[in-house]
Amino acid sequence: MPEGHTIHREARDQKPMLTGRDLAVSSPQGRFAEGARRLDGHDCKAVEAFGKHLVYRFETGDHLHVHLGLFGRIRKAKRPEKEPRGAVRIRMMSDTHVVDINGPTICEILDEPGLAALLARIGPDVLRSDADPDRAFARIAKSRAPIGRLIMDQSVMAGIGNIYRTEILWRLGVHPDVPGRAVDRVLFDRLWADAQRLLRIGVTRRAIVTVEEALAAGGRRRKGERFNIFGKETCPACAGPVMKLDIAGRRAFACETCQPVP
DNA sequence: TTGATTGTTACCGG
DNA sequence: TCCGGTAACAATCA
């Protein structure tokens, strides 16, 4: 279940799953994370998320950089471990648990400059306390590109995915085609705050939930009730038709009435 | 087997 | 430089 929350949850898990003595690397499909062998037998000291990027820090000073992309999965299980399922790019083991990373877009070892380069091209992470929203607003305020593009541009601000994009803009009553330049600071602040709130909820619940009633009720709802308009035909607020859009090749939705076309 | 998918990047043209 | 479009890549499930 990508789109941020899996990653964020992983990085913010109260109980780090990588406390083990031996870090083993497995490659059932014949594909290794580049340089992964170097980490064999070394401890992971910390795991941290920067937007949708995961960084496992090792005692050797190396960084394992993982991006799950659309399909990547992190599978945790208790030992004794079973045979890796599917395309496991790296397997990490503690005394008690095994963690497989399946099908990530990125699974590589970075040195310090490599990590610095990565962080330099990622915008402020909505979920990080050290994030600087001013950086995101500066980019948005001088851009002619539509806000629907900008808030999902991970170099502008990091964390929002395709579903959150549609849902957040609907919640704010902003059409995705509104140019960045037309977004003032007040609106941006509302956008940032809403993204922060929803993503935090996603981390906690391990599910994307953007419907207020569902948020108030707590717990995890059936998928159909978790979104307001993503994939929907009618707007829950005004009962009008939901427009299907295409933003940079990804589907998006908007309500013509609640989100007036600029 | 096919199509769709919560993502990213490189490259090109206007 | 900025911005939009396209293709490529990835693994899984229905």
Side-chain angles (χ1 to χ4, degrees), chain A residues 1-10 27-34 49-54 65-75 84-90 100-108 110 114 117-123 125-127 138-170 176-182 195 198-203 205-211 220-232 244-253:
Chain A
M1 200 176 282
E3 183 152 30
H5 59 274
T6 301
I7 301 170
H8 294 120
R9 172 68 185 209
E10 203 59 44
S27 175
Q29 305 291 311
R31 298 174 182 230
F32 289 84
E34 192 76 28
F50 301 92
K52 302 173 186 175
H53 298 258
L54 257 185
H65 171 211
V66 172
H67 193 297
L68 295 177
L70 266 181
F71 319 115
R73 294 283 152 89
I74 295 173
R75 294 198 176 110
R85 229 187 338 145
V88 175
R89 298 280 178 262
I90 193 165
D100 283 344
I101 294 179
N102 282 67
T105 297
I106 298 169
C107 187
E108 63 183 1
L110 294 180
L118 168 69
L119 299 186
R121 66 180 174 80
I122 299 174
D125 177 348
V126 172
L127 281 178
R139 280 281 299 276
I140 290 169
K142 65 178 169 46
S143 176
R144 287 163 312 188
I147 191 67
R149 228 176 226 278
L150 293 167
I151 64 171
M152 215 178 106
D153 182 334
Q154 303 298 304
S155 72
V156 172
M157 52 190 282
I160 294 177
N162 200 37
I163 295 176
Y164 282 121
R165 161 170 68 190
T166 278
E167 292 291 312
I168 290 167
L169 292 177
W170 178 84
D177 286 339
V178 168
R181 287 196 293 201
L198 293 179
L199 288 178
R200 278 180 181 156
I201 287 164
V203 170
R205 300 200 190 186
R206 314 191 82 160
I208 302 171
V209 182
T210 59
V211 174
R220 203 197 274 230
R221 289 249 180 141
R222 282 187 293 118
K223 188 175 183 179
E225 296 172 324
R226 298 209 305 252
F227 311 148
N228 293 291
I229 63 164
F230 191 90
K232 299 280 167 74
K244 293 180 173 62
L245 311 173
D246 182 291
I247 306 175
R250 308 296 303 284
R251 46 184 198 138
F253 303 85

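Here Asp177(A) pairs with nothing under the side-chain hydrogen bond (donor to acceptor under 3.5 Å, both in side chains) rule; sequence neighbours left out. With sequence neighbours excluded, the residues forming a side chain to side chain contact (heavy atoms under 4.5 Å, CB included) with Ala182(A) are Val178(A), Pro179(A), listed by chain and number. Under the side chain to side chain contact (heavy atoms under 4.5 Å, CB included) criterion, Asp153(A) pairs with Arg139(A), Ser155(A), Val156(A), not counting sequence neighbours. Under the side-chain hydrogen bond (donor to acceptor under 3.5 Å, both in side chains) criterion, Arg200(A) pairs with no residue at all, not counting sequence neighbours. Residues satisfying the side chain to side chain contact (heavy atoms under 4.5 Å, CB included) test with Leu119(A), not counting sequence neighbours, are Phe50(A), Leu115(A).
Note: CG (Leu68(A)) to C1' (dT8(B)) measures 13 Å, nearest angstrom. As rounded to whole Å, 16 Å separates atom C1' of dT6(B) from atom CD1 of Ile229(A). Taking atom NE2 of His67(A) as the reference point, atom P of dT6(B) lies 14 Å away to the nearest angstrom. Distance, Glu108(A) CD to dA10(C) P: 15 Å, rounded to whole Å. Regarding Ile122(A), its CD1 atom lies at a distance of 15 Å from the P atom of dG7(B), rounded to whole Å. When rounded to the nearest whole Å, the span between NE2 of His65(A) and C1' of dT8(B) equals 11 Å. Nucleotide dG7(B) holds its C1' atom 4 Å from the CG atom of Leu70(A), rounded to whole Å. A straight line from CD1 of Ile201(A) to C1' of dT6(B) spans 17 Å, rounded to a whole angstrom.
Dashed line: the shortest gap from a side-chain N or O of Arg144(A) to OP1 or OP2 of dT1(C) is not under 4.0 Å. Taking only side-chain nitrogens and oxygens, Ser143(A) comes nearer than 4.0 Å to OP1 or OP2 of dC3(C). The side chain of Arg250(A) contributes no N or O atom lying less than 4.0 Å from OP1 or OP2 of dT5(B).
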Close N/O contacts between protein and nucleotides 9-13 of chain B (under 3.5 Å):
residue	atom	partner	partner atom	Å
dT9(B)	OP1	Arg121(A)	NH1	2.5
dT9(B)	OP1	Arg121(A)	NH2	3.1

For nucleotides 6-8 of chain C, give me every protein contact, N/O to N/O, under 3.5 Å, one pair per line with atom names.
none

Between protein and nucleic acid, restricted to nucleotides 12-14 of chain C and to nitrogen or oxygen atoms under 3.5 Å apart, what atom pairs and distances do you find?
none

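Although no hydrogens or angles enter the test, the distance criterion places no donor-acceptor pair under 3.5 Å between the side chain of Gln154(A) and the main chain of His53(A). Looking only at distances, a side-chain donor or acceptor of Lys232(A) sits under 3.5 Å from a matching main-chain atom of Phe227(A). Under the 3.5 Å distance criterion, the side-chain polar atoms of Arg226(A) are matched with a main-chain donor or acceptor of Ile208(A). Looking only at distances, a side-chain donor or acceptor of Glu167(A) sits under 3.5 Å from a matching main-chain atom of Ile229(A). Side-chain atoms of Thr166(A) do not come within 3.5 Å of backbone N or O of Ala252(A) as any donor-acceptor pair.
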Going by atom type alone, with no hydrogens or angles, which donor-acceptor pairs under 3.5 Å involve a side-chain atom of residues 142-152 of chain A and a protein atom two or more places apart or on another chain?
residue	atom	partner	partner atom	Å
Ser143(A)	OG	Ala145(A)	N	3.0

Practice item. Whenever both distances are under 3.5 Å in a Watson-Crick or G-U wobble pair, mark it; put DNA chain C into dot-bracket that way, with [ ] for crossing pairs and | when the partner is on another strand. Key: .||||||||.||||

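With distances taken from any side-chain atom of Lys52(A) to the nucleotides dT5(B), dG7(B), dC3(C), the minimum falls on dG7(B). Picking from dC3(C), dG4(C), dT8(B) the nucleotide with the shortest atom distance to the side chain of Arg149(A) gives dG4(C).
For the P atoms, the distance linking dG3(B) with dA7(C) amounts to 16 Å, nearest Å.
Backbone-only engagement by Pro146(A) is indicated by non-hydrogen atom pairs under 4.0 Å involving sugar-phosphate atoms exclusively.
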